[in-house]
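Throughout, numbering of the chain's residues begins at 1 and tracks the sequence.
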Amino acid sequence: ADAAAAAGLTKREIEVLRLLVEGYSDKEIGEALFISHRTAMTHVLNILNKLGVNSRTAAAAWALRHGVV
């Protein structure tokens, strides 16, 4: 999680990223974290922007490379 924090991710965004790595959809992330689908989608977009990647797959790969999960 140190690399994620260094990338500017919030604690909530790290939680979302971990679920994203597990293959959760935005809707499933929302249900798991008791947030709306729209909020989950916003978190995912913020994660992609902060990590400088353009896909959920690339974000998951980044998380695995940097030991976030």
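Atoms CD1 and CD1, on Ile47 and Ile14 in that order, are 9.0 Å from each other to the nearest 0.5 Å. Of the inter-residue distances, the one linking Met41 atom CE with Ser25 atom OG reads 12.0 Å to the nearest 0.5 angstrom.
Contact detail for Gly30 and Ala40: the closest heavy-atom pair is N-CB, 3.9 Å. When all heavy atoms of Ser55 and Leu48 are compared, the pair lying nearest together is O-CD2, 3.2 Å. Shown here for Ile29 and Ile35, the closest heavy-atom pair between the two residues is O-CG1, 4.5 Å. Counting all heavy atoms, side chain and backbone alike, Ala59 lies closest to Leu17 at O-CD1, 3.8 Å. Of all heavy-atom pairs between Val68 and Ala4, the closest is CG2-CB, 4.0 Å. Minimum heavy-atom separation, Ala58 to Val53: CB-CB, 3.7 Å.
For residues 56-69, the salt bridge (charged side-chain N to carboxylate O under 4.0 Å, His left out) pairs, not counting sequence neighbours, are Asp26-Arg56. Judged as a ring pair (Phe, Tyr, Trp, His ring centres under 6.0 Å), the pairs with a partner in residues 12-62 (not counting sequence neighbours) are, in order, Trp62-His66.
Between Thr42 and the choices Val44, Thr39, Asn46, the side-chain contact (heavy atoms from CB on, under 4.5 Å) rule is met once, by Asn46.
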Intermediate values then yes/no, salt bridge (Lys or Arg N to Asp or Glu O under 4.0 Å), Arg12 and Glu15:
CA-CA 5 Å; Arg12 179 59 102 183; Glu15 290 175 324; 3.0 Å; yes

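A donor-acceptor distance shorter than 3.5 angstrom exists from the side chain of Glu13 to the backbone of Thr10, with no hydrogens or angles considered.
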